[in-house]
Amino acid sequence: PGAVGGPVFLGRTERPLVAVLDRVNKISDNIAAENLLKILGAETAGPPGSAKTGLRAVAAYLGGAGIDSGSTILADGSGVSWYNAVTPGDITMVLTDQYRRQGTFGRFLASLPVAGMDGTLKNRHASTDVRGRISAKTGTITGVSTLSGYAFTYSGELLAFSMMFNHYPGDTDGLRAVQDSVMAEILRLRADPPADK
């Protein structure tokens with residue numbers, strides 16, 4: 001009761017980063033994604049974390065992954081802002097970079113929804129042979145549906161992919177049906193053999 005002369009610390013809740021990553025990727029928790037961006041800002045630029053410092057850190061990572069900063073526009077941590085702009089090629093480069101980070105790749109891969117099994121892909125391909133072979137993050141806002149991740153092909157290869165549908169005036173269920181068809185086809189692909197030197 002009474003006036004408070006400044007900020008008052010009321011308590012603290014902590015979760016391991018892997019638990020937050022699961023919430024962000026498996027169930028697509030946008031609030032967790034926004035908070036993760038601010039935590040990234042605090043870790044890289046010092047507290048308090050902010051979206052601005054978090055976005056700077058993400059931009060630095062993308063540059064390190066070989067992505068041209070002029071090809072992306074980053075506005076938030078969850079991807080729900082209409083101001084965000086990335087290409088499927090950029091996302092595929094991120095997925096490839098994550099694969100190369102073998103120390104953390106397994107945990108990153110485990111955080112992604114698995115077709116027919118869990119997260120936002122639980123009800124997609126649940127009764128087909130695609131089940132369990134696609135690990136990917138979904139993205140949906142009005143008129144937009146995306147799917148990006150990894151496919152474990154029938155030939156035993158791991159392929160990165162990204163599909164983005166924008167400015168669609170109809171129901172996004174039709175876009176998901178197209179994505180599901182493409183997922184089934186991706187599994188039949190084989191990577192090009194390495195060129196002879």
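Formation of a donor-acceptor pair under 3.5 Å by the Ser28 side chain with backbone atoms of Asn25 is not found in this model.
Shortest non-hydrogen contact noted between Thr92 and Ser162 is OG1-CB, 3.6 Å. Across every non-hydrogen atom of Met183 and His125, the tightest pair is CE-CD2, 3.8 Å. When all heavy atoms of Ile186 and Ala151 are compared, the pair lying nearest together is CG2-CB, 3.3 Å. Annotation for Ser135 and Leu112: closest pair O-CD1, 3.8 Å, computed over non-hydrogen atoms. Nearest heavy atom pair, residue Gly41 against residue Thr53, reads CA-OG1, 3.2 Å. The two atoms that bring Leu147 and Ala136 nearest to each other are CD1-CB, 3.6 Å, heavy atoms only.
Hydrophobic cluster membership for Ile39: none, as no Ile, Leu, Val, Met, Phe, Trp or Tyr side chain comes under 4.5 Å of it. The hydrophobic cluster containing Val114 also includes Met117, under a criterion of side-chain heavy atoms closer than 4.5 Å among ILVMFWY residues, counted directly or through chains of members. Using a 4.5 Å cut-off between side-chain heavy atoms of Ile, Leu, Val, Met, Phe, Trp and Tyr, Val144 falls into a hydrophobic cluster with Val80, Trp82, Ile141.
Few gaps surround CG on Leu158; more than 12 heavy atoms of other groups in view lie less than 6.0 Å from it.
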Stepwise side chain to side chain donor-acceptor pair (under 3.5 Å) check, Thr138 with Thr120: CA-CA 7 Å; Thr138 58; Thr120 56; 2.9 Å; yes
Evaluation steps, side chain to side chain donor-acceptor pair (under 3.5 Å), between Tyr83 and Asp76: CA-CA 9 Å; Tyr83 294 110; Asp76 64 6; over 6 Å; no
Criterion side chain to side chain contact (heavy atoms under 4.5 Å, CB included) on Val130 and Leu187, from CA distance to verdict: CA-CA 8 Å; Val130 174; Leu187 298 181; 3.7 Å; yes
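Both Val86 and Met93 belong to a common hydrophobic cluster when Ile, Leu, Val, Met, Phe, Trp and Tyr are linked at side-chain heavy-atom distances under 4.5 angstrom. If you chain together hydrophobic residues whose side chains sit under 4.5 Å apart, Tyr168 and Met164 never meet in one group. There is a path of hydrophobic side-chain contacts, each under 4.5 Å, that joins Phe165 to Val182. If you chain together hydrophobic residues whose side chains sit under 4.5 Å apart, Leu40 and Val24 never meet in one group. Side-chain heavy atoms closer than 4.5 Å link hydrophobic residues (I, L, V, M, F, W, Y) into clusters, and following such links, possibly through other members, connects Phe108 to Tyr61.
Residues Met163 and Pro88 are not in side-chain contact: their nearest non-hydrogen atoms beyond the backbone lie 4.5 Å or more apart. Using a 4.5 Å cut-off on side-chain heavy atoms (C-beta onward), Leu159 and Phe152 make no contact. The shortest distance between side-chain heavy atoms of Ile91 and Phe161 does not fall below 4.5 Å.
Taking CG of Leu36 as the start and CG of Asn30 as the end, the distance is 12.5 Å to the nearest 0.5 Å. For the atom pair OG1 (Thr104) and CD (Gln98), the distance works out to 5.5 Å, reported to the nearest 0.5 Å.
In this structure, the salt bridge (charged side-chain N to carboxylate O under 4.0 Å, His left out) partners of Asp173, at least two apart in sequence or on a different chain, are Arg176. In terms of the salt bridge (charged side-chain N to carboxylate O under 4.0 Å, His left out) criterion, residue partners of Asp29 (sequence neighbours excluded) are, by chain and number, Arg23. Evaluation of the ring pair (Phe, Tyr, Trp, His ring centres under 6.0 Å) rule for Phe105 yields Tyr99, Tyr150 as partners, not counting sequence neighbours. Partners of Arg100 under the salt bridge (charged side-chain N to carboxylate O under 4.0 Å, His left out) rule, at least two apart in sequence or in another chain, do not exist in this structure.
Applying the salt bridge (charged side-chain N to carboxylate O under 4.0 Å, His left out) test to residues at least two apart or on different chains, none of the pairs has a partner in residues 30-57. For residues 131-146, there are no salt bridge (charged side-chain N to carboxylate O under 4.0 Å, His left out) pairs, not counting sequence neighbours. Within the structure, the salt bridge (charged side-chain N to carboxylate O under 4.0 Å, His left out) test picks out the following pairs touching residues 113-122 (sequence neighbours left out): Lys26-Asp118. Contacts classified as salt bridge (charged side-chain N to carboxylate O under 4.0 Å, His left out) and involving residues 105-116 (residues at least two apart or in different chains) are given here: Asp22-Arg107.
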List the atom pairs, donor and acceptor, that lie under 3.5 Å between side-chain atoms in residues 62-73 and the rest of the protein, sequence neighbours left out.
from  : atom 1 : to    : atom 2 : distance (Å)
Asp68 : OD1    : Gly70 : N      : 3.0
Ser71 : OG     : Asp68 : O      : 2.8
Ser71 : OG     : Asp90 : OD1    : 3.4
Ser71 : OG     : Asp90 : OD2    : 3.1

